**Q** 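Pasting in a structure now, in structure tokens, and then I'll have a few things to ask.
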Amino acid sequence: MKAKTRISQRELFFAVLQSMVGVGILALPYHANKAAGSDGWITVLLLGVSLQVFILVLWLLLRRFPNETIFDLSVSLAGKPIGILLHIAYTFYFLNIVAYIFNITNDILIRWILPETPSLVLLILGTAFFVYACMGSLKNVIALFSFGFLFILILWLIPLLTLAEPVYDVRYILPIASAGWQEIVGGVYYILPAFIGFETMLVYFAFVEKPERFSSLKGAAFALLFVTVFYTLVVLISMIVFSESEMQLIPEPVLYKLRTITLTVFQRWDLVFLTLWTGIVASSAISFGFLGTMGIGKLFRLKRLPASIAAALIVFILASFMYLMIPLPDLGKSLRVISLVFGVILPVLLLAAAVIFKRGGISNAKEK
Amino acid sequence: MRKKSRLFLTLLLSVFLLTGCWDERLLRDVRIVYLSGIDLTEEEFYEINALIRDLNIGESTRGERSVTNILAGATGATLREASLQVDLKLAGTFDSAKGRTVIVGEELAKNNIFKAFDTSFRDPRINISGKVVVTDGRAADLVKHLSEQEPEKAEFFSDLIESSEDATEIPEYNMHLLFSSLLDEGKDFILPFVRVGDRGLVKVDGGAIFKGDQFTGIYTTIRENMLLLLFRERMGKQAVLTSAIEHEAVDSISYKVDRLKTKTDIQQNGEAADVKLTLELGVEVIDYPPADLDEEKQVKKLNQQLSQDLTEQAKAIFEKLAEAESDVLSIGRELMAYHPEIWETIEGDEYYSKINVYPEVRVTIEGGGLII
């Protein structure tokens, strides 16, 4: 089954960007600090650059199977039983990420603004919203993403407010690279979950025009660049505002700092930030949810509405299970493993298999 | 039929959009705290005394509002327990979201100030931009005094502190900055010191020097605070200094700081570090009756006298800080950032005793207002 809708490079940019910027951003400075101390921002930069190289690997894989999403591609590469297994695994992975996003968002909203609202209500609200957002077409979803870009731009400006008061101390990040390169590089694995979303390219890329051209990678590369700069900036700001030992106690440094800023009209900038942030989290949940819905739809040959309802049910069950059974730190740990497996290891294995067994390939495509 | 069931479904789902209702807080149900004082009792219990604004909006008053101030206090093993005890004594919920100032009693300050404030950092509703000040004796007495003497009470107090901050008399400090300094191993701090002065007037009277999370018992004067703040490049809206001079017509001069520049030069000296601090001030004369500033010789003479005066004062302050072993200028942080090899040799709880500070102030008169 070949994809028929086409998206432009700009649309690819919005799709990948919205999938990447999400729940991870609040806790990223905390995790970066935990991984490499005051040099955590180098780790973030390093991960951004290495992912920039890694999307080349994804492209090498995807260009062999033009117009095929990871769901179609795994079947045409690995044959029926294994391919379908991979198809199910990726569907499950995308929905799992949505459930994870729901859980983290619940946790943060309940701790910061809604201490007395039952978690279940937020979850049901999220699920209902999920059905509505995921039953649209790819064009609908991407239109939403390009609108949501506005939120990201505003969100980018708010951390700069923290520099309004002269209470930051550049000396906190000096001397640079004092943690040792081993820790800085080792920290990359630790903060990988904040960058998940780049692997949505495995699906979105199938809709790109002329995938065999190198320039078709532009959208994804710019999205990654944007996220890398954004994240590095946020981490850097957090690190000059808070000392290393202080950061160890504050899981959401940006919010925490915004709480202390009082400008004439607002006393609690953290609430403004959280409001925008919820919108951005919603779009990354929609992105993953849409892909999961697509996976289910393709597997059972369902129309969009029933597929999105099925996906929403799975997400609801997964999220409730996580909420009831798995404590948040463990959830974070498992996410690290899962995102490494589905984002990095599996695509590399698939590429290796494609090269070894000479499946796909541009020459094939041209002959057709 | 289909339309109706759709409408019903939409209405049902929109119920979940009303999540805010769980967390609503009505102004008429809360008792807003503007000012509170915390003490440590002899039994190591925390005592909290709060000035609470009671907003009466009731049916009986037909929408008319009236404001009264209530003084309420209680003790508890933790500060949170103490405030819950206060809550029990009030008609509504004790809400410290708008707290502007917290007064800390001397005993508590000497014990461990971090423990007392821990609860404030955990609750997102507490305003951690609230000011923190230290008083001699018990904070409870000061709160009581304020509630009896001052008509505007809490507002008066926070305005008092803000105007002192603007005049560079006390460091601009709040709970959040307190938290930062407490957790930074290379930094200590001075909290504003407030007491009841002559004729029962409440006044800001310098600062209380802290080492780590404990008050050392040593106070600074307002003049000393000012000079220290200039060394830290933390000038408020303005800084006015007065120095004694040798002159046939007058014996003192007032001037305000226009620009300032600091330089830190650190050298290793065996097991210790020698720190040379230079503060360059460009000042504008604001009170100096003998009109002889048009003579270059006189200006030079004054520059020299002022520099000498301020340098001597600076030396006295740094002796005081050395006695308190308090690293108010965050030299420890400076060492960590720029001279990690020196930091390694002196690192430890007592590192400030291994730092010798040699301050120098250079004053240049650069103007005189409207006249020369």
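Only a predicted model underlies this, so the values are computations on that prediction, with no experimental measurement involved. Sequence lines set the chain letters: A, B, ... in the order given, protein chains first and strands last, and positions in each chain run from 1.
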**Q** Checking heavy atoms, do the side chain of I173(A), its backbone, both or neither come under 4.5 Å from chain B?
**A**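 Contact with chain B involves no heavy atom of I173(A) at all.
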**Q** Nearest 0.5 Å please: distance from the CG atom of L177(B) over to the OG1 atom of T260(A).
**A**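 Answer rounded to 0.5 Å: 7.5 Å.
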**Q** Does a sphere of radius 6.0 Å around CD in E341(B) hold more than 12 heavy atoms from other residues, nucleotides or ligands, not counting ones at 6.0 Å or beyond?
**A**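 Enclosed.
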**Q** Testing K187(B), E185(B), R333(B) for side chain to side chain contact (heavy atoms under 4.5 Å, CB included) with S243(A), which one passes?
**A**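 Only match with S243(A) under side chain to side chain contact (heavy atoms under 4.5 Å, CB included): R333(B).
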**Q** Give, for atom OG of S180(B) and atom NZ of K257(A), the distance between the pair rounded to the nearest 0.5 Å.
**A**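 Rounded to the nearest 0.5 Å, the OG-NZ separation comes to 7.0 Å.
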**Q** Under a 4.5 Å heavy-atom cut-off, does chain A meet the side chain of Y338(B), its backbone, both or neither?
**A**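 Just its side chain gets close to chain A.
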**Q** Rounded to the nearest 0.5 Å, what separates atom CE in M247(A) from atom CG in L183(B)?
**A**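 Here the rounded value is 12.5 Å.
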**Q** Does F151(A), at its CZ atom, have more than 12 non-hydrogen atoms belonging to other residues, nucleotides or ligands within less than 6.0 Å?
**A**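 Open.
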**Q** Using 30° and 60° as the class boundaries, would you call the ring planes of Y256(A) and H176(B) parallel, tilted or perpendicular?
**A**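 Answer is tilted, since the angle falls between 30° and 60°.
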**Q** Taking side chain as everything from C-beta outward and backbone as N, CA, C, O, which of these in D169(A) sits under 4.5 Å from a heavy atom of chain B? Side chain, backbone, both or neither.
**A**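 The side chain, not the backbone.
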**Q** Are any of the side-chain heavy atoms of M336(B) and R171(A) separated by less than 4.5 Å?
**A**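 Of all side-chain heavy-atom pairs linking R171(A) with M336(B), none is under 4.5 Å.
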**Q** Any chance you could measure L174(A), atom CG, to H339(B), atom NE2, to the nearest 0.5 Å?
**A**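 If I round to the nearest 0.5 Å, the distance is 11.0 Å.
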**Q** For the pair R259(A) and S129(B), evaluate side-chain contact (heavy atoms from CB on, under 4.5 Å) and give the outcome as yes or no after the intermediate values.
**A** CA-CA 8 Å; R259(A) 195 183 143 196; S129(B) 341; over 6 Å; no
**Q** Counting only non-hydrogen atoms closer than 4.5 Å, does Y172(A) touch chain B with its backbone (N, CA, C, O), its side chain (CB onward), both, or neither?
**A**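 Both the backbone and the side chain of Y172(A) come within 4.5 Å of chain B.
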**Q** If you count every heavy atom of other residues, nucleotides or ligands that lies below 6.0 Å from Y323(A) atom OH, does the total exceed 12?
**A**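 No, not enclosed.
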**Q** Name the region of I250(A), side chain, backbone, both or neither, that has any atom closer than 4.5 Å to a heavy atom of chain B.
**A**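 Answer is side chain: those atoms of I250(A) sit under 4.5 Å from chain B.
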